[in-house]
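Just so it is clear: chains get the letters A, B, ... in the order the sequence lines come, proteins before strands, and each one is counted from 1. Owing to the predicted nature of the structure, the values given are computational and were not obtained by experimental measurement.
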Amino acid sequence: MKASISEKRGRRSIRETAIERILFLAGITATISVALITIFIFGSGIPALLDSGFVNFLVGTNWSPANGSYGTLPLTAGTMAVTLTALVLGIPTGIACAVFLSEILHRKAARVFKFAIELLAGIPSVVYGFFGLIVVVPAVRTYILPLVRLWDPDAHTTGLSILSGAIILAVMILPTIVSLSENAISSVPAEYREASLALGANKRQTITGVLIPAARSGILASIILGMGRAIGETMAILLITGNVAVLPKSLLDPVATLTGTIAMEMSYASASHQQALFAVGIILFIIIMLLNAVAQGVSKRMGVNQ
Amino acid sequence: MGNNSNAAMRPETQFEIRDLDLFYDKFQALHHVDMDILKNRVTALIGPSGCGKSTFIRTLNRMNDLIPIVKITGSVKFDGTDIFGRDCDVIALRKKVGMVFQKPNPFPKTVYENIVYGPRIHGEKNKRKLDELVEMSLKQVALWDEVKDRLHKPALGLSGGQQQRLCIARCLAVEPEVILMDEPTSALDPVATLKIEELMSSLRERYTIVIVTHNMQQAGRISDFTSFFLNGEVIETDHTDAIFSNPSNSKTEEYITGRFG
Amino acid sequence: MIKNRLFYSVVWFLSILTLAVLLMIIGYIMYRGLTQISWEFLSEKPALMGKKGGIFPVIIGTLYVTGVALVIAAPIGIAAAVYFVEYSKEGRLVRIIRTFTEVLAGIPSIIIGLFGFAFFVVFLGFGWSVLSGGLSVSLMILPILIRSTEEALKTVPLSYREGSLSLGASKWETTYKIVLPCCKNGILTGLILSIGRVVGETAVIMLTVGGALKVPMSLFDSTRTMALHMYILAAEGISQERAFATAALLVLIILVINGLANIISARIGGAHGK
Amino acid sequence: MKKRSIKLTVAALTLSLIAMGAAACTPSDTSDEGDSAETVDTPEPTTVVIAGSTSVQPLSEMLAETYMGDHPEVSIEVQGGGSGQGIKSIEEGLADFGALSRELKSEEEAVAAEQFVIAKDGIAVIVNSDSDVSDITVDQLLKIYTGEITNWSEVGGSDAKINVVTREEGSGTRDAFGELTGVVGKDENGDTVDNTVESAIVQGSTGAVIQTVSTTPDSIGFASLGAVDSSVKSLKVEGVEASNETVLSGEYKISRPFLYICGSDPAEQARAFVDFIFSSEGQAIVEEAGFIAVK
């Protein structure tokens, strides 16, 4: 009559164990995927790396698959140039928007503004690409080029350039930077703010002297994430940077990027060329991994700070 | 069954705790606890904050399993079975040893769904039986009249005291043998507290109750036995009258007379 | 004070600029595309590769790929989040698994596309198909779903779990009957954002779904999503007008999706007060 | 209601896990059969898959549409990917036909058991519509694309730097253009070299080239004749206007074939489709699509 608590493993506990196993499987799906991705990308690309020689592949300055020459330095340089320029444009704008959202705008208006920014994140990148090609590229040629010519009369550009790509990329990474920085700034404890104001600092001094420094880890994390997005962006960049695999000398020069080169040449590539593109994928992959490691480091430090 | 409530007979032991040590990682929260908790009696655990009494009561139905860093040595026997033993089914244990928490924690469901949650999990599907169970449980905690018209409204809409009684009713619906109460009235106002205390008096006939309380008057009013905890050790356990009138340990006396804590 | 004035002007200027850019992009696309959208455009088959006619098969293809991706990623993503928050114990293995989940979120879509082609299309032999595309895209949205579910799970008070466990419910019963229902809105937000991601993706779709311009009849058929259709229309110089019409429709959908996600996540705040 | 949705979720979870499991098992199956299989193992035996050049894709689509209208029992699937993909899909057994918008290269000939030239396409040389140049020679094109000529004044235009626009490496259009103008040649070892000037802007598709040339002053590019519209100006080459007639007659020099290749003897349905393409009805569609009929 009295059910003991020492029942032996019932159906229920078998079910529990089974469920836990299933959940664990789900939990490692992402890890397995990353492993598979790594294996397939490296597996397909390593032969090309060995063929051209690792160093040649990395620092060779001539990317000309038709002539069997695979030097990826121009591509890496292109990706970096576009990404860094985008960050130069995007970081101040992003932080300004974050400050505007969390400290200046009223809550209701801020919600509308935030919605608008999130919308930027939702627009398909192809749309950005065509917008860039039709609007930004001519604008750089017609408005920026004459300005540059004041200094350097020989300057020349078609508009397809690092600058055009960076402008579009900056817009594309804004949502990441704004929303994460805004979170970081709003989560600075109210006491800091009050303490600063109580000391007679005005709002501007409080923002630049207390809030932004206190939120710096979060802001940094948002920048790193934004950078990851910028490096990985493909379809938009493809259309607006000109895809010229030559080391750029100025912001108005066209460049080829790692992602753009893969996307554009993959479909036509012959066997060895295809391997080389997978090897370009390896470089991209390693850059992203390094960035990830940095991000992990930052978020760890963030944990310590708080 | 009836003979158990006969005070003349020596009641059976419900929990037999021997040499219980509990660690949060490296911090030792319980030291060599030895205690017998008797069936169909109310046992109160008193002591200053952080003395380990909540930790202890949560050990009795293995709620500490939720905290990964907890390590336990020693033995706790429930009806003669070691609850940390290999053959112990923690779910069956918790079914028999219910718990009421410091803050009322009704589920974000309706009053009705809160009560039938336990029975359903344990396999009761019959709608009429569930209805009966709801009515019976709510009557036991004197909540029926207050909520019978809003059984299908969210439980979070009840007042704090009502929520706590609902939680007790929810616990009763599973038909446990033991009810563990971890400061059940600390979040409630005096009127609601009084109602809960009355409720406990009515439940003592049929259940073994273990209650953690900060309030010594409460311990004095409702419990048969009282156990005094200090820094993770049980200083003494005795009949409540004896503890309050004539404690054998000077520390107990100091605490009871309000010298510290 | 000049410094103050300067600071506020810069902040205002950059913020207004951002808003202006957004309005410009959306306005431009709507201006070029909205007038082209008609009932016929939505309901008819394309002719001449999309130069004429509508985009009906493309809409179906989009729904199909999105559906497959969600059916694959949603249960796994939710289950993984449950595992991380409710089941896993701190430890080296779990830390590694979590790190890799973050890593997956950062992998560029072109690499996912390359992988999808090498693995699903060629190695597993699924060909260019809805299935290959759905599987590839599900890798992209998996981290989104895991993260949003995790966030939602973390907001469920511990006391609910304690209450349920103390009644003799098992861990799974507690998770399934008490904890997960509290996370409905959070999970829904994640799902909606994922849909947005799939609908807007091009690179992965191009490499794994193929791009056949027809209504897919099975999981193994090739098809085309709206973003890819738009890309092909514009890139192959087939029809700028139709490309913009498709883009306008896409932006409209994204607008609705973000709006929905916003409304739902606004409701989360009041869902269970503490 | 809530409960039902959760149940559904769980059901879906289980299903997808099973699916994943099944997916993990498939490779062994397919590799067993894949070696001997001549065509892709699509579930429908009457599906004909065509994959490859995006330039050929529109034409294939139109042909397929008409053909399927008359033959409802056959399903023809047309996929893009590029000429290289056309070769690859035959190698991997993913398609019945690979579509190419250029001649087969010598190293690729082993892959193709048979090839069909289904149409021809002229490659128009296009310039920005503001340009005052309207005629050009093949030799001038060679010099422009190899960087020997960099100013429009050298070819009779005004004094402005030439913005050269080309397609990406591997593009069928680029290959064809390069070979016909001599931009792609042989070096002393007999290896093929592409001498396109390094500073040339590269765009990945016909539309992007046309878009770029139409919005960039002083630019020059090339694109499939069928896709060129009024937004750009198309140049006479060696005095000959680019048109279907001039391409077919051979007067206009820069053109390329649209090819279907297959890895082995095409299946019955696939063969029937090719026969249809070469019928007068099929060739009429080729012309309707803006390309040049071969029969």
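One distance of note links CD of C:Glu86 with CG of A:Leu23; it measures 9.5 Å at 0.5 Å rounding. Expressed to the nearest 0.5 Å, how far CD of C:Glu201 lies from CE of A:Met235 amounts to 8.5 Å. Distance OG/A:Ser44 to CZ/C:Phe119: 12.0 Å, rounded to 0.5 Å. Here OG of C:Ser170 is found 11.0 Å from CD of A:Glu20. Values are rounded to the nearest 0.5 Å.
The candidate from C:Ile25, C:Leu17, C:Ile16, C:Val21 with the greatest count of non-hydrogen atom pairs under 4.5 Å with chain A is C:Ile25. Of all the listed residues (C:Val10, C:Thr99, C:Ile96), the one sharing the greatest number of non-hydrogen pairs under 4.5 Å with chain A is C:Thr99. For the set C:Thr246, C:Ile107, C:Val251, the count of heavy-atom pairs under 4.5 angstrom toward chain A peaks at C:Ile107. With chain C as the partner, the residue from A:Leu36, A:Asn202, A:Ile28 showing the most heavy-atom pairs under 4.5 Å is A:Leu36. Per-residue heavy-atom pair counts under 4.5 Å with chain A were compared for C:Phe13, C:Tyr231, C:Tyr83, and the maximum is reached by C:Tyr83. If you tally non-hydrogen atom pairs under 4.5 Å between each of C:Lys3, C:Arg197, C:Met206, C:Glu102 and chain A, the highest count goes to C:Lys3. Here C:Asn262 is the residue among C:Ile257, C:Asn262, C:Ile253 with the most heavy-atom pairs under 4.5 Å with chain A. Counting heavy-atom pairs closer than 4.5 Å to chain C, the top residue among A:Gly228, A:Gly94, A:Ala116 is A:Ala116.
Summarising the geometry of A:Gly27 relative to C:Phe84, their closest heavy-atom pair is O-CZ, 3.6 Å, with the distance given to 0.1 Å. Residues C:Met24 and A:Phe131 share a closest heavy-atom pair of CE-CZ, 3.8 Å. Contact record, A:Phe130 with C:Ala234: CZ-CB, 3.1 Å, taken as the closest heavy-atom pair. Between A:Pro124 and C:Leu250 the shortest heavy-atom distance is CG-CD1, 3.7 Å. Nearest heavy atom pair, residue A:Glu16 against residue C:Glu173, reads OE2-N, 4.2 Å. C:Ile254 and A:Gly122 get closest at one heavy-atom pair: CD1-O, 3.4 Å.
Within the 4.5 angstrom heavy-atom criterion, atoms from both the backbone and the side chain of C:Val103 approach chain A. Of the two parts of C:Leu93, only the side chain, counted from C-beta on, holds a non-hydrogen atom closer than 4.5 Å to a non-hydrogen atom of chain A. Looking at C:Ile111, both its backbone and its side chain come within 4.5 Å of chain A, counting heavy atoms on both sides. For chain A, no part of C:Leu193 is nearby; none of its heavy atoms comes within less than 4.5 Å. In this structure, chain C has a heavy atom under 4.5 Å from the side chain of A:Thr234, while its backbone stays farther away. Looking at C:Leu139, the atoms closer than 4.5 Å to chain A (heavy atoms on both sides) all sit in the side chain, from C-beta outward. If you measure heavy-atom distances from A:Ile123 to chain C, the contacts under 4.5 Å come from both the backbone and the side chain. At a 4.5 Å heavy-atom cutoff, the contact between A:Leu119 and chain C is made by backbone and side-chain atoms alike. Residue contact with chain C, scored on non-hydrogen atoms closer than 4.5 Å, involves the side chain of A:Ile104 exclusively. Proximity to chain C (any heavy atom under 4.5 Å) is restricted, for A:Arg111, to the side chain, taken from C-beta onward. Looking at A:Leu120, both its backbone and its side chain come within 4.5 Å of chain C, counting heavy atoms on both sides. For A:Val135, the part lying under 4.5 angstrom from a heavy atom of chain C is the side chain only. For A:Leu291, no part lies near chain C; criterion is any non-hydrogen pair under 4.5 Å.
Looking at A:Thr38 and C:Phe115, their side chains never come closer than 4.5 Å, going by heavy atoms from C-beta outward. Counting heavy atoms from C-beta on, the side chains of A:Leu284 and C:Ile110 come closer than 4.5 Å. With contacts defined as side-chain heavy-atom distances shorter than 4.5 Å, the pair A:Ile231/C:Pro108 does not qualify. Contact annotation: the side chain of C:Tyr28 approaches that of A:Ile134 to within less than 4.5 Å [non-hydrogen atoms, C-beta and beyond]. Residues A:Val178 and C:Thr18 form no side-chain contact, since every pair of their non-hydrogen atoms from C-beta on lies 4.5 Å or further apart. No side-chain heavy atom of A:Ile37 sits less than 4.5 Å from a side-chain heavy atom of C:Leu114.
The ring pair (Phe, Tyr, Trp, His ring centres under 6.0 Å) test with A:Phe40 is passed by exactly one of C:Phe120, C:Phe117, C:Phe123: C:Phe123.
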_For a side-chain contact (heavy atoms from CB on, under 4.5 Å) check, start with the C-alpha distance between A:Phe24 and C:Val94, then their side-chain angles and the critical distance, and finish with the verdict._
CA-CA 10 Å; A:Phe24 175 73; C:Val94 170; over 6 Å; no
*asked:* Apply side-chain contact (heavy atoms from CB on, under 4.5 Å) to residues A:Ile32 and C:Phe100 and explain how you reach the verdict.
replied: CA-CA 9 Å; A:Ile32 293 175; C:Phe100 273 101; over 6 Å; no
_Working for side-chain contact (heavy atoms from CB on, under 4.5 Å), residues A:Phe100 and C:Leu14_ = CA-CA 9 Å; A:Phe100 190 67; C:Leu14 289 176; over 6 Å; no
*asked:* Applying side-chain contact (heavy atoms from CB on, under 4.5 Å) to A:Lys203 and C:Tyr8, what does each step give before you reach the verdict?
replied: CA-CA 10 Å; A:Lys203 197 167 172 183; C:Tyr8 286 116; 3.3 Å; yes
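For A:Phe115, the CZ atom is densely surrounded, since the number of other residues' heavy atoms within 6.0 Å is greater than 12. For CZ of C:Arg147, the number of neighbouring non-hydrogen atoms (other residues, nucleotides, ligands) closer than 6.0 Å is 12 at most.
Under the 3.5 Å distance criterion, with hydrogens and angles disregarded, no donor-acceptor pair is assigned to the side chains of A:Gln205 and C:Asn4.
A side-chain donor-acceptor contact under 3.5 Å links C:Asn258 to the backbone of A:Glu118.
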